[in-house]
Amino acid sequence: MKRTIVNLPGDGIGKIVLPEAIRVLEAARFEAEYVEGDIGWEFWRNEGNPLPDRTIDLLEEHRIALFGAITSKPKEKAAAELSPSLKDKGYVYYSPIVRLRQHFDLDICIRPCRSFKGNPLNFVRRTKDGGVEEPPVDTVIFRQNTEGLYCGVEWTGPDETVYDALMTHPRMKSFASVPREDLAVSTRIFSREACRRIVRAAFEYAKEFGYRSVTICEKPNVIRETSGMMLKTGQEIAADYPGIDLWDTNIDAQMMWLTKNPESYGVIVAGNMFGDIVSDGFAGLVGGLGFACSANLGEKCAIFEPTHGSAPKYADLDPSIVNPIAMILSCCMMLDHIGDGERASRIRDAVAKVVAAGEVRAYDMMRLKGSAKAIEEGAATTRQMADAVIAAL
Ligand code: NAI
Ligand code: MG
């Protein structure tokens, strides 16, 4: 059956890495039709909406998308860039990817962080005898993607109803002397059902792919209600998976441990913000933004994206130098999701071969400054990287 995939290239380097990754999919003989969805800055400027309804309709219809990256700017800056006919008409910018996650309830975010042998960006550490060792990292972060600190329930200068409600909490006494307009409040809301879904998804993944531990990474000793609910949910669900150990860590300690013994961690579960933090931390150990891929999964729709942004600095370089691997690995996650894991493995093996051979390396892998000069200094172009993966396939 031929699938239809919605392509959402977005802005900047999203428009560069997505077509390269599609070439890799095609070389792996993945049969699909692609329809392009409008999303990003151009649509904000010209229509006052970075995520037009027609794009939502496409996703409702086809339910699966590859997303490049978008450019986001703060509210005022965004408003200033609206086309003249739309200015001062009350349009307010919002991040279309955050809105997609909320609209389609893409509550499960998976961010695998696995090192490829031979990647010069891999984490290394000093051994006892002064040598250097490179422990392989294979950690998969499950981030709750829709709630917590990113749910958008926040105020600067809350109205009286909210203020009065807050003041019923005994701990608000310490803010009693602060004028209402000088209070900024961002709520951290967890729901039990969402905790169950992310924890269950993590255990299922650990079971399917043979990970021996699931770590709940929160801060229940201080943030007792929300982090506490995630941990308690973990303890309940762990009972259904006798072969998998449940660990719990605090986010701060976890960030230290990932620089000491990252190889100890298998699957990690966290709420929205801590999941964002810990996944960037682990991504840094396995090559950084050029390698960091992700899946956003909901019951009705799934969107696969590299975690990097639109990197405007590099958007206009011709030829392009950015690393397409993060996007290619995101496509592999899409293949896994639709039950084509064998093809995903073939593509990952091809990436592994290219990285191990070390002959074709994007500028980030060579630790070069990103500029057109990088090519003279031996860096591969985006296209050459994709070509190398295709050749290895
Ligand atoms: P960014 O991820 O776009 O770029 C940061 C730096 O990382 C780049 O300057 C470059 O040095 C490196 N980098 C990124 N992707 C790379 C790749 N594929 N290969 C090699 N190096 C790469 O983050 P930045 O500069 O903070 O944000 C730029 C724009 O992207 C902003 O408008 C931001 O809002 C947006 N953004 C969008 C995201 C999304 O679409 N999901 C995520 C993060 C940022
Ligand atoms: Mg992030």
Side-chain angles (χ1 to χ4, degrees), residues 10-11 39-41 43-45 47-51 56 69-83 86-107 109 143-192 194-195 198 217-230 250-252 255 270-281 296 307 309-310 312:
D11 300 308
I39 190 169
W41 202 247
F43 304 96
W44 161 249
R45 294 185 64 176
E47 301 177 29
N49 184 357
L51 179 63
I56 301 264
I70 42 93
T71 295
S72 278
K73 295 184 189 177
K75 267 197 294 194
E76 291 79 21
K77 253 190 154 171
E81 288 193 33
L82 273 174
S83 87
L86 297 176
K87 271 193 188 144
D88 306 319
K89 297 238 163 84
Y91 292 104
V92 180
Y93 184 80
Y94 56 85
S95 158
I97 182 66
V98 174
R99 202 180 131 209
L100 279 175
R101 289 175 188 150
Q102 314 259 339
H103 179 93
F104 287 102
D105 200 10
L106 305 174
D107 64 327
C109 177
R143 164 190 178 193
Q144 205 296 326
N145 219 17
T146 47
E147 303 191 335
L149 273 172
Y150 294 10
C151 69
V153 182
E154 49 182 3
W155 306 265
T156 298
D159 66 30
E160 241 161 89
T161 322
V162 173
Y163 183 82
D164 291 347
L166 286 171
M167 282 302 167
T168 63
H169 196 288
R171 291 292 172 91
M172 279 300 287
K173 274 206 190 87
S174 38
F175 298 101
S177 63
V178 181
R180 193 150 58 87
E181 65 275 18
D182 290 340
L183 275 178
V185 180
S186 300
T187 60
R188 187 179 205 257
I189 303 176
F190 282 24
S191 69
R192 204 180 302 280
C195 291
I198 192 74
C217 173
E218 277 287 329
K219 184 95 183 172
N221 55 337
V222 178
I223 317 175
R224 289 175 306 188
E225 303 308 326
T226 44
S227 291
M229 179 180 279
M230 188 69 89
N250 287 339
I251 178 68
D252 46 351
M255 294 310 287
N272 211 338
M273 162 126 258
F274 294 166
D276 202 2
I277 293 173
V278 77
S279 62
D280 273 12
N296 302 279
T307 60
S310 60

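In what follows, residues are counted from 1 in the order of the sequence shown. Just so it is clear, the values below take in all heavy atoms, side chains as well, and ignore hydrogens, waters and symmetry mates.
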Original post:
ring pair (Phe, Tyr, Trp, His ring centres under 6.0 Å) with Phe43: which residues, sequence neighbours excluded?
Top reply: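 Checked Phe43 against ring pair (Phe, Tyr, Trp, His ring centres under 6.0 Å); zero matches.
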Taking only residues two or more places apart in sequence or in another chain, which ones pass side-chain hydrogen bond (donor to acceptor under 3.5 Å, both in side chains) with [X]?
{"X": "Glu218", "answer": "Arg188, Ser227"}
{"X": "Asp107", "answer": "Arg197"}
{"X": "Glu154", "answer": "Ser186"}
{"X": "Thr156", "answer": "none"}

**OP:** May I have all residue pairs that pass salt bridge (charged side-chain N to carboxylate O under 4.0 Å, His left out) and include part of residues 69-83, sequence neighbours excluded?
**Re:** Lys73-Glu81
Original post:
With sequence neighbours excluded, what pairs up with Asp105 under the salt bridge (charged side-chain N to carboxylate O under 4.0 Å, His left out) test?
Top reply: none
**OP:** Taking salt bridge (charged side-chain N to carboxylate O under 4.0 Å, His left out) as the test, write out the residues that go with Lys87, two or more places apart.
**Re:** none
Original post:
Under the side chain to side chain contact (heavy atoms under 4.5 Å, CB included) test, which residues partner Gln102, sequence neighbours left out?
Top reply: Val98
Original post:
Residues two or more places apart in sequence or in another chain: which of them pass side chain to side chain contact (heavy atoms under 4.5 Å, CB included) with Asp88?
Top reply: none
As an exercise, state the distance from [atom1] of [X] to [atom2] of [Y], rounded to the nearest 0.5 Å.
{"X": "Asn296", "Y": "Arg143", "atom1": "CG", "atom2": "CZ", "value": "8.0 Å"}
{"X": "Leu51", "Y": "Ile39", "atom1": "CG", "atom2": "CD1", "value": "5.0 Å"}
{"X": "Phe190", "Y": "Gln144", "atom1": "CZ", "atom2": "CD", "value": "7.5 Å"}
{"X": "Asn49", "Y": "Tyr94", "atom1": "CG", "atom2": "OH", "value": "3.5 Å"}
{"X": "Trp155", "Y": "Thr187", "atom1": "CH2", "atom2": "OG1", "value": "5.5 Å"}
{"X": "Leu149", "Y": "Ile223", "atom1": "CG", "atom2": "CD1", "value": "8.0 Å"}

Counting only pairs under 3.5 Å, give me each side-chain donor-acceptor contact of residues 171-179, with atom names and distances, residues two or more places apart or in other chains.
from: Ser174; atom 1: OG; to: Arg171; atom 2: O; distance (Å): 3.0

Whether the side chain of [X] engages the backbone of [Y] through a donor-acceptor N/O pair (distance < 3.5 Å, no angle test) should be reported.
{"X": "Asn272", "Y": "Glu147", "result": "yes"}
{"X": "Asn145", "Y": "Leu106", "result": "yes"}
{"X": "Trp41", "Y": "Asp11", "result": "no"}

Original post:
So with a 6.0 Å cut-off around CD of Glu181, is the heavy-atom count from everything else above 12?
Top reply: yes
**OP:** State, yes or no, whether a side-chain contact exists between Ile198 and Met230 at a heavy-atom distance under 4.5 Å.
**Re:** yes
Grab the two heavy atoms, one from [X] and one from [Y], that are nearest each other, plus how far apart they are.
{"X": "Cys217", "Y": "Ala270", "value": "O-CB, 3.3 Å"}
{"X": "Gly48", "Y": "Leu86", "value": "N-CD1, 3.4 Å"}
{"X": "Ala69", "Y": "Ser310", "value": "CB-N, 3.6 Å"}

Without placing hydrogens or testing angles, list every side-chain donor-acceptor pair under 3.5 Å for residues 158-166, not counting sequence neighbours.
from: Asp159; atom 1: OD1; to: Thr161; atom 2: N; distance (Å): 3.2
from: Asp159; atom 1: OD1; to: Val162; atom 2: N; distance (Å): 3.0

Original post:
Do Leu82 and Tyr93 pass the side chain to side chain contact (heavy atoms under 4.5 Å, CB included) test, and can you show the C-alpha distance, the side-chain angles, and the key distance before you say yes or no?
Top reply: CA-CA 10 Å; Leu82 273 174; Tyr93 184 80; over 6 Å; no
